[in-house]
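Each chain gets a letter, A, B and so on, in the order the sequences are listed, and its residues count up from 1. All values below were derived from every heavy atom in this structure, side-chain atoms included, with hydrogens, water molecules and symmetry-related copies excluded.
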Amino acid sequence: MRKVSEAKEERLVTQITPKSEDFSRWYIDLIRRAELADYAPMKGMMVIRPYGYAIWENIQKLLDRRIKATGHVNAYFPVFIPESFLRKEMEHLKGFAPEVAWVTHGGDDELEERLAVRPTSEAIIGFMYAKWIKSWRDLPVLINQWANVVRWEKVTRPFLRTTEFLWQEGHTAHETYEQAQEETLLILNMYKEFVENELAIPVIHGRKTEREKFAGALATYAIEGLMSDGKALQMGTSHNLGQHFAQVFNIRFEDRNQNLQYVWQTSWGVSTRLIGALVMAHGDDSGLVFPPQVAPIQVIIVPISIGNWKDTVLPVALKIKESLDKAGLRVFLDDRTEYTPGWKFAEWELRGVPLRLEIGPRDVKNNQVVAVRRETREKLIINQDNLEEKIKELLALVQKTMFEKALAFQQANTREAENYEEFKSIIEEKRGFIRAFWCGAEECEARIKEETMATIRVIPMDEEGGVNGRCVYCQKEAHTRAIFARSY
RNA sequence: CGGGGAGUGGCGCAGCCUGGUUAGCGCGCCUGCCUUGGGAGCAGGAGGUCGUCGGUUCAAAUCCGAUCUCCCCGACCA
């Protein structure tokens, strides 16, 4: 493998708004131009197009494997939830009421009772668990569902916040608080590992404050990623629900000592928002950059069409495609005659394909291919012998490099704030994560949000208690350090 | 949900203020020739009830009202 060219800095794609010029516009342009999604004719709703949906399928495949490996099984619950079920749990309902879509009619007949289109499934699942769980021998119940949910949001953006979205929601029931807590953290760590290793996005994991936690939960934990505009994005949550829903839905079991007890529950989820995170964390002015593990197409082969290329170059390109296919890689051979090679280079860069192989007459003659890495634009010449293994290694390297790049960005944009002046100037001028002491008072948290638009994203796992300092806002004694940021 | 901006062939825009033949331009698309190692060239061609509904007028893309959708900035959230 020989490097023939350094990373190119020039901007080779001009059909999207530059990222530096207008991040929001860049994001929207890119999603539509790369055909990840398109607007549907109803407010806040979108169509996930095949190229975008392929990413979701890859996410599902990689995460589902992990969910099952930890003993969970998949099931499916109804999309409608009777209003009375939601009303049973006022704290929960209050949290979701403004964004619930209601079904009032079946055909022309008005329903006796309105049905909520699920904003999340705790209520219906709680009802069913009450029927299924009788004994400690029935526990734990470890169920996950892949589903769509609807939340009538006021402000929407493709993938980040849409009226309907796809997600997985895990709902478990346990004998003890400790087991529920262990499950909550197991999943939190699974999410972190998944997002970092497969999506190549470093995240900070930690606990949400009371203000920010899920309605009805004892505690909410989350992973937070930093997007390349310096804003934070919540990328997954894991809740310890305690016995709250168990009491409301009367989910009881006879324990090992023959006492009747309420179960301890958890719920957790990640959504199609992760696709938005991929765009915002890795994309550049030339377009998308997908990590190989979830890229719809991992390798794009562009034959260089010169002279009688169909007789000389194309058969070799086809042979290489087949061998990479056989090696289990997602490969596409772009043999379209109506586009020039240069056009194809730009197009597939915009679509974020992590690795491009160019094969021209010179390469055929020399038994080689030219490989170009999307994330560095580095150009390499690779001998065709044992190509599958070399490509696999290269893709692994791309994956690793993408994570390291994102991690370096996150670290460079995580700053300590000793006092409020510092805090404000960082938020105004640099954004990113701010690590600062917090006294624990909701008052301080609220004031900071009001004055700077920054919220506590999480209290990192290792920063809760056991540290000593002074609250960045009120200067009172603090034993907690929190991560603040402006967020999506 | 408040404040601001915008909807005109697939995409990006001009035209609107000051109503008046056939609504233009660039890119894309189609056909042909020629090309193809970083978004080629030439020639010909197709494609638009001007977001939608209503009003004013002899006449509406243009003026008025309503409505839908999108974008940006603020209050709520995977």
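- The shortest distance between the side-chain N/O atoms of Y339(A) and the OP1/OP2 oxygens of rC29(B) is below 4.0 Å.
- Ring planes of W348(A) and F332(A): tilted class, angle from 30 to 60°.
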Base versus backbone protein contacts along nucleotides 72-78 of chain B [heavy-atom cut-off under 4.0 Å; B, S, -]: S-BBSBB
Nucleotide-resolved protein contact map, nucleotides 40-49 of chain B, B/S/- at heavy-atom distance under 4.0 Å: B---------
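- Residue E224(A) forms a salt bridge (charged side-chain N to carboxylate O under 4.0 Å, His left out) with just one option from K192(A), R457(A), R486(A), and that option is R457(A).
- When the C1' atom is used for both rG39(B) and rG28(B), the distance is 12 Å, rounded to whole Å.
- Ring pair W438(A)/F484(A): centre-to-centre distance not below 6.0 Å.
- In this structure, the nucleotide among rG37(B), rG39(B), rC71(B) sitting nearest to the side chain of E347(A) is rG39(B).
- Applying the side-chain hydrogen bond (donor to acceptor under 3.5 Å, both in side chains) test to every pair with at least one member in residues 35-56 of chain A, sequence neighbours left out, gives these pairs: R32(A)-D38(A), E35(A)-R351(A).
- Using a 4.0 Å heavy-atom distance criterion, G276(A) is classed as making no nucleic acid contact.
- The distance from atom CZ of F23(A) to atom C1' of rC71(B) is 16 Å, rounded to the nearest whole Å.
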Pairing string, 5' to 3', for RNA chain B - Watson-Crick or wobble contacts under 3.5 Å, brackets [ ] where pairs cross, | to another strand: ((((((((.[[[[.)....(...]]]].(((((.......))))).....[[[[[..)....]]]]])))))))....
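- Protein atom CZ of R33(A) is 15 Å distant from nucleotide atom P of rG39(B), rounded to whole Å.
- Of the P atoms belonging to rA6(B) and rC58(B), the separation is 31 Å, rounded to the nearest Å.
- The pair E442(A)-K449(A) does not count as a salt bridge, with every side-chain nitrogen at least 4.0 angstrom from each carboxylate oxygen.
- Residues R362(A) and E338(A) both approach RNA chain B. Their nearest nucleotides, taken by heavy-atom distance, put E338(A) toward the 5′ side.
- To the nearest whole angstrom, the two C1' atoms, one in rG20(B) and one in rG45(B), are 31 Å apart.
- K379(A) places its NZ atom 11 Å from the P atom of rG37(B), with the value rounded to the nearest Å.
- A search for side-chain contact (heavy atoms from CB on, under 4.5 Å) contacts involving R87(A) returns E83(A), L93(A), R114(A), not counting sequence neighbours.
- In this structure, K61(A) places its NZ atom where more than 12 heavy-atom neighbours from other residues, nucleotides or ligands lie under 6.0 Å away.
- Taking atom P on both rG3(B) and rG47(B), the two are 44 Å apart, rounded to the nearest angstrom.
- In this structure, CG of D38(A) is placed 12 Å from P of rC71(B), rounded to the nearest angstrom.
- When the C1' atom of rG37(B) is taken as reference, atom CD1 of I381(A) falls 11 Å away, rounded to whole Å.
- Ring orientation note: the planes of F249(A) and F85(A) are tilted relative to one another, at an angle of 30° to 60°.
- A search for salt bridge (Lys or Arg N to Asp or Glu O under 4.0 Å) contacts involving K405(A) returns nothing, not counting sequence neighbours.
- Only the C1' atoms considered, rC27(B) is 22 Å distant from rC33(B), to the nearest whole Å.
- Counted within 6.0 Å of CD on E193(A), heavy atoms from surrounding residues, nucleotides or ligands total more than 12; the atom is thus considered enclosed.
- Judged by distance alone, the side chains of H239(A) and T220(A) do bring a donor and an acceptor atom under 3.5 Å apart.
- Taking atom P on both rG37(B) and rC73(B), the two are 41 Å apart, rounded to the nearest angstrom.
- For rG38(B), its base never sits under 3.5 Å from the side chain of R377(A) at any donor and acceptor pair.
- The residues D29(A) and R33(A) are annotated as not salt-bridged, no charged nitrogen and carboxylate oxygen being separated by less than 4.0 angstrom.
- RNA chain B is contacted by both V364(A) and Y39(A); V364(A) maps to the nucleotide lying nearer its 5′ end (nearest heavy atom per residue).
- Using P as the reference atom, rG41(B) and rA78(B) are 50 Å apart when rounded to the nearest Å.
- In this entry the distance linking CG of N308(A) with C1' of rU35(B) reads 15 Å, nearest Å.
- The same atom, P, is picked in rG15(B) and in rU62(B); the two are 15 Å apart, to the nearest Å.
- In this structure, M45(A) places its CE atom 16 Å from C1' of rC70(B), rounding to the nearest Å.
- Between W309(A) atom CH2 and rC34(B) atom P the separation is 16 Å, expressed in whole Å.
- The number of heavy atoms from other shown groups lying within 6.0 Å of CH2 (W146(A)) is above 12.
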